[in-house]
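Everything quoted here is computed from the prediction, not taken from an experiment. Residue numbers count from 1 along this sequence.
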Amino acid sequence: MIQVKKHGIILEKTSLLFENEGVLNPAAIREGKFVHLFYRAVSEGNHSSIGYCLLNGPLEVEQRMNVALLSPEFEYEKHGIEDPRIVKIDGLYYLTYTAYDGVNALGALTTSTDLIHFEKWGIIVPQITYEEFNRLSETNSVNEKYYRFNQHNHIIEKEGLKMLLWDKNVIFFPRRIKGKLCFFHRIRPEIQIVVQINSLDDLTQDFWKNYFLNFNDHVVLSPKYEHEKSYIGGGCPPIETEFGWLIIYHGVHESITGYIYSACAALLDLENPHIEIARLPYPLFKPEEIWELKGEVNNVCFPTGAVLFDDTLYIYYGAADERIACASMSFRELLNELMLNKKIDEK
């Protein structure tokens, strides 16, 4: 088993109006000795924006803004900007988030060259109904859980808005692969991947139509072990290693007291990230401490950002959907443990 150190809570909600209900699920990126955190800040009524905090090293708070860095501006995000992730590709920062209009939750993108000024690109995932998804993917024999999680109890419209297929956890790879952009997204219960697009302009209606006609080809990770048997979803941006892309994701299983969210780990092939190389058969870490067990949503460790300092991997996560905590471990130990659990070794 990997030795994991939990450093406890590093950010909590304040009395400021934009974050007086909770702070959680931060994006993280390292620049020199500093770590930039872009976190989900929740105000009364469950309205979310993005707050900002600068860490000196992996744990020490250097600076924290007293206003939201990014706030809802458009109809598609009017109820909240949630769960950001960030990478830097070719000198441009890609910050993805879930845009929530009060009815639909869909992956969106904003970019920046300086982490101060941001340009919003809007929703970049498909905007289709469950019925359209079902029709396009009907020849794929998709996992039956797609029907359970995505049909919205057959509600077609809510609050005057058409109910769409929820598509969250959009996370870009931190470099182009074979010259192409790649990103994860998540339609429950599995993690899907978009690979080898030249630019965001490629994400047309025809692109997504063809994508769903071959939907199973785009599933990269499926629930497998007990701790993730209900569903899985994206976590931190991929980290390039000598053995493959290190993927820290979240796994969920249903218990008699509700869902339990844990941090999980896998390796994907560097040049063809469709290929799973290895996966831990147990959670990397799970809710155990009081700040993870009790909160706005109980029993939640939700990893969204990770940085490396020497051989130590620091993972930032939402704890019980109310506060931000950090856990760390040996990077080399994690990779070695994953390589002991290679997919090809399974019987």
Side-chain angles (χ1 to χ4, degrees), residues 83 85 87 89 94 96 98 106-107 109 124-126 133 136-137 140-146 149-150 165-197 202-203 207-208 210-225 227-241 243-252 261-281 283-284 302-304 306 334-335 338-339 341-346:
D83 303 349
R85 277 82 162 192
V87 299
I89 309 170
Y94 287 66
T96 49
T98 296
L106 298 167
L109 171 69
I124 64 170
V125 296
F133 165 77
L136 289 170
S137 62
N140 284 264
S141 300
V142 299
N143 187 326
E144 64 180 15
K145 286 187 177 181
Y146 282 99
F149 285 123
N150 298 293
L165 184 74
W166 281 25
D167 194 340
K168 304 169 70 174
N169 301 160
V170 174
I171 306 169
F172 277 82
F173 282 70
R175 67 164 172 86
R176 290 177 179 265
I177 299 176
K178 298 178 181 178
K180 309 287 187 177
L181 292 170
C182 302
F183 64 86
F184 294 124
H185 64 121
R186 199 284 305 274
I187 301 167
R188 288 197 295 182
E190 300 170 311
I191 299 174
Q192 300 84 32
I193 190 169
V194 171
V195 296
Q196 297 187 350
I197 58 171
D202 292 346
L203 300 175
F207 173 91
W208 288 118
N210 291 329
Y211 185 91
F212 285 117
L213 287 171
N214 301 281
F215 184 69
N216 280 338
D217 293 342
H218 306 293
V219 174
V220 63
L221 286 175
S222 302
K224 181 176 181 181
Y225 296 112
H227 62 277
E228 59 186 24
K229 66 179 182 180
S230 293
Y231 59 90
I232 61 174
C236 309
I239 299 172
E240 188 170 2
T241 80
F243 301 117
W245 292 106
L246 173 62
I247 309 300
I248 306 297
Y249 63 99
H250 69 269
V252 184
Y261 285 71
S262 299
C264 310
L267 280 173
L268 305 180
D269 186 82
L270 283 179
E271 295 306 310
N272 185 0
H274 272 113
I275 299 173
E276 178 185 340
I277 296 172
R279 188 190 313 204
L280 288 186
L284 183 57
F302 194 87
T304 47
L334 174 56
L335 293 179
L338 279 163
M339 294 305 288
N341 290 279
K342 294 175 69 174
K343 188 174 182 180
I344 58 173
D345 292 335
E346 297 171 357

Notebook entry, point to check: Who passes ring pair (Phe, Tyr, Trp, His ring centres under 6.0 Å) against Tyr94, sequence neighbours left out?
Noted result: Phe172
Next item on the list: Under the side-chain hydrogen bond (donor to acceptor under 3.5 Å, both in side chains) rule, collect the residues that match up with Gln196, sequence neighbours excluded.
Entry: none
Notebook entry, point to check: What residues form a side-chain contact (heavy atoms from CB on, under 4.5 Å) with Pro238, not counting sequence neighbours?
Noted result: Ile171, Phe173, Pro174, Phe184, Trp245, Ile247
Check: Should Phe243 and Ile277 count as side-chain neighbours, where that means a heavy-atom distance under 4.5 Å?
Finding: no
Notebook entry, point to check: Residues in side-chain hydrogen bond (donor to acceptor under 3.5 Å, both in side chains) with Lys180, at least two apart?
Noted result: Asn198
Margin query: Tell me if a side-chain donor or acceptor on His227 pairs with a main-chain N or O of Leu284 at a distance below 3.5 Å.
Written below: no
Item checked: Nearest atoms (heavy-atom pairs only) where Val170 meets Gly107 -> CG2-CA, 3.7 Å
Next item on the list: With sequence neighbours excluded, tell me which residues meet salt bridge (charged side-chain N to carboxylate O under 4.0 Å, His left out) with Arg279.
Entry: Glu228, Glu276
In residues 261-270, what donor-acceptor pairs under 3.5 Å come from side-chain atoms, sequence neighbours left out?
from: Tyr261; atom 1: OH; to: Tyr231; atom 2: OH; distance (Å): 2.5
from: Asp269; atom 1: OD2; to: Glu271; atom 2: N; distance (Å): 3.1
from: Asp269; atom 1: OD2; to: Asn272; atom 2: N; distance (Å): 2.8

Next item on the list: Check whether any side-chain N or O of Lys145 sits under 3.5 Å from a backbone N or O of Arg188 as a donor-acceptor pair, and report yes or no.
Entry: no
Notebook entry, point to check: Measuring from Arg85:CZ to Leu109:CG, what's the distance to the nearest 0.5 Å?
Noted result: 13.5 Å
Check: So, does His250 use its side chain to make a donor-acceptor pair with the main chain of Gly235 at under 3.5 Å?
Finding: no
Checklist line | Partners passing ring pair (Phe, Tyr, Trp, His ring centres under 6.0 Å) against Phe133 (at least two apart in sequence or in another chain) | finding: Tyr146, Phe212, Phe215
Check: How many angstroms lie between atom CG of Leu246 and atom CG of Leu338, to the nearest 0.5 angstrom?
Finding: 6.5 Å
Check: What's the spacing between Trp208 CH2 and Leu136 CG if we round to 0.5 Å?
Finding: 12.5 Å
Checklist line | Reported NZ-to-CZ distance for the pair Lys168 and Arg186, which is rounded to 0.5 angstrom | finding: 6.5 Å
Item checked: Over all atoms of both residues, closest heavy-atom pair of Pro237 and Val87 -> CB-CG1, 3.4 Å
Margin query: Going by ring pair (Phe, Tyr, Trp, His ring centres under 6.0 Å), name the residues that satisfy it together with His218, two or more places apart in sequence or in a different chain.
Written below: Tyr211
Note to self: My understanding is that only one of Val142, Asn169, Asp167, Val125 makes a side chain to side chain contact (heavy atoms under 4.5 Å, CB included) with Ile187; could you say which?
What the structure shows: Asp167
Next item on the list: Answer whether the closest heavy-atom distance between the side chains of Met339 and Asn341 falls below 4.5 Å.
Entry: no
Checklist line | Min side-chain heavy-atom separation Leu203-Ile197 under 4.5 Å | finding: yes
Checklist line | salt bridge (charged side-chain N to carboxylate O under 4.0 Å, His left out) involving Lys229 - partner list, sequence neighbours excluded | finding: Glu226
Margin query: Please give me the minimum heavy-atom distance between Gly251 and Ile232, naming the atom from each residue.
Written below: CA-CG2, 4.1 Å
Notebook entry, point to check: For Ser222, which residues count as a side-chain hydrogen bond (donor to acceptor under 3.5 Å, both in side chains) partner, sequence neighbours excluded?
Noted result: Glu190
Next item on the list: Grab the two heavy atoms, one from Asn214 and one from Asn140, that are nearest each other, plus how far apart they are.
Entry: C-OD1, 3.5 Å
Notebook entry, point to check: In chain order, what residues pass the salt bridge (charged side-chain N to carboxylate O under 4.0 Å, His left out) check against Asp83, with sequence neighbours excluded?
Noted result: Arg40
